[in-house]
Amino acid sequence: MSLSYEKITEKLTTTFGSDILLVEEPYKMLTVTVNKDKIFSIVKYLKEDTELNFIFLTDITGIHYPDDSTGEKLGVIYHLHNLVDNVRIRLKAFFPKELPFIDSLTGLYSGANWMERETFDFFGIIFNNHPNLKRILNVDDMDYHPMRKEYALEDPTRDDKEDKFFGR
């Protein structure tokens, strides 16, 4: 018996209720936005429930919406995979840029270690209880997080480029 998106959604909403904020299927992939304070519990449930069985953490990354009017400008996106039924899902959790904290998943997946370090390095998201949260790819004394959309793409003082040559 194959695991359906409807069954996953039913089990999550029954177990976690109002902590499941939004369920959608963009690009035919189940995407569940969750309360960031419950991320560890929700992922633990997805991993340990014998019917759901999401035993593989495919990816963790950050996202930055600088123009978001709700105040939740930063987020973390998780991709999980049930290898038995070959089902993939996406989880999202959002929070204000001023409070970039979310629980680490290193207690559930050892592979989360480097993915969380990379997300911290590039987005400045702090993973609570991470065993060694420090920069992994950028230099240690870098004082910003380069994947945040807070910096100009080009130097506005340069006069050697004309926008018409770049499709603008």
Side-chain angles (χ1 to χ4, degrees), residues 3 5 7-9 11-24 26-27 29-66 68 71-150:
L3 184 62
Y5 285 165
K7 185 64 175 176
I8 298 166
T9 302
K11 289 188 81 145
L12 283 174
T13 53
T14 301
T15 306
F16 294 98
S18 63
D19 289 319
I20 305 302
L21 306 176
L22 178 65
V23 177
E24 52 191 346
Y27 305 103
M29 178 182 265
L30 180 63
T31 302
V32 183
T33 303
V34 303
N35 177 345
K36 72 140 184 123
D37 295 326
K38 299 294 183 181
I39 192 67
F40 188 88
S41 301
I42 292 169
V43 173
K44 182 177 182 182
Y45 176 75
L46 287 165
K47 181 182 182 186
E48 294 178 354
D49 182 276
T50 55
E51 188 176 9
L52 298 176
N53 206 24
F54 284 94
I55 61 169
F56 188 73
L57 174 66
T58 306
D59 192 27
I60 299 174
T61 191
I63 192 161
H64 182 210
Y65 292 115
D68 184 79
E72 298 195 337
K73 296 178 184 248
L74 278 179
V76 179
I77 299 173
Y78 304 87
H79 287 166
L80 302 174
H81 192 173
N82 170 325
L83 299 169
V84 175
D85 296 304
N86 195 27
V87 176
R88 297 173 188 265
I89 64 169
R90 178 185 300 122
L91 297 177
K92 295 180 179 182
F94 294 97
F95 36 85
K97 185 177 80 169
E98 298 75 29
L99 297 168
F101 303 97
I102 194 163
D103 289 336
S104 173
L105 298 185
T106 54
L108 295 172
Y109 301 100
S110 59
N113 190 327
W114 281 37
M115 290 184 251
E116 289 177 354
R117 285 181 61 189
E118 180 184 47
T119 304
F120 163 72
D121 194 359
F122 284 99
F123 290 91
I125 296 167
I126 299 166
F127 292 89
N128 301 324
N129 301 315
H130 189 282
N132 188 23
L133 192 62
K134 63 181 183 178
R135 290 194 181 267
I136 192 168
L137 294 170
N138 292 306
V139 295
D140 290 334
D141 59 349
M142 184 179 255
D143 62 350
Y144 63 95
H145 302 283
M147 292 299 288
R148 287 191 183 180
K149 298 174 184 174
E150 300 172 332

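These figures come from a predicted structure and were not determined experimentally.
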What's the spacing between [X] [atom1] and [Y] [atom2] if we round to 0.5 Å?
{"X": "Lys7", "Y": "Leu52", "atom1": "NZ", "atom2": "CG", "result": "8.5 Å"}
{"X": "Leu46", "Y": "Asp49", "atom1": "CG", "atom2": "CG", "result": "8.0 Å"}
{"X": "Glu118", "Y": "Met147", "atom1": "CD", "atom2": "CE", "result": "9.0 Å"}

[X] versus [Y], closest heavy-atom pair with distance:
{"X": "Arg117", "Y": "Asn132", "answer": "CD-O, 3.4 Å"}
{"X": "Leu80", "Y": "Thr58", "answer": "C-OG1, 4.3 Å"}
{"X": "Glu116", "Y": "Thr106", "answer": "OE1-CG2, 3.5 Å"}

How about [X] and [Y]: do any of their side-chain heavy atoms sit closer than 4.5 Å?
{"X": "Phe127", "Y": "Leu105", "answer": "no"}
{"X": "Leu57", "Y": "Val43", "answer": "no"}
{"X": "Ile60", "Y": "Val76", "answer": "yes"}
{"X": "Phe40", "Y": "Asn129", "answer": "no"}
{"X": "Leu3", "Y": "Phe54", "answer": "yes"}
{"X": "Ile20", "Y": "Val34", "answer": "yes"}
{"X": "Tyr109", "Y": "Lys47", "answer": "yes"}
{"X": "Val32", "Y": "Ile89", "answer": "no"}

Using 30° and 60° as the class boundaries, would you call the ring planes of His81 and Phe56 parallel, tilted or perpendicular?
perpendicular

Verdict with reasoning, Phe122 to Leu137, per side-chain contact (heavy atoms from CB on, under 4.5 Å):
CA-CA 9 Å; Phe122 284 99; Leu137 294 170; 3.5 Å; yes

Distance under 6.0 Å and angle within 45° of the ring axis: does Lys38 meet both against Phe16?
no

Which of these passes salt bridge (charged side-chain N to carboxylate O under 4.0 Å, His left out) with Asp121: Arg135, Lys134, Arg148?
Arg135

Would you call Lys97-Glu150 a salt bridge at under 4.0 Å N-O?
yes

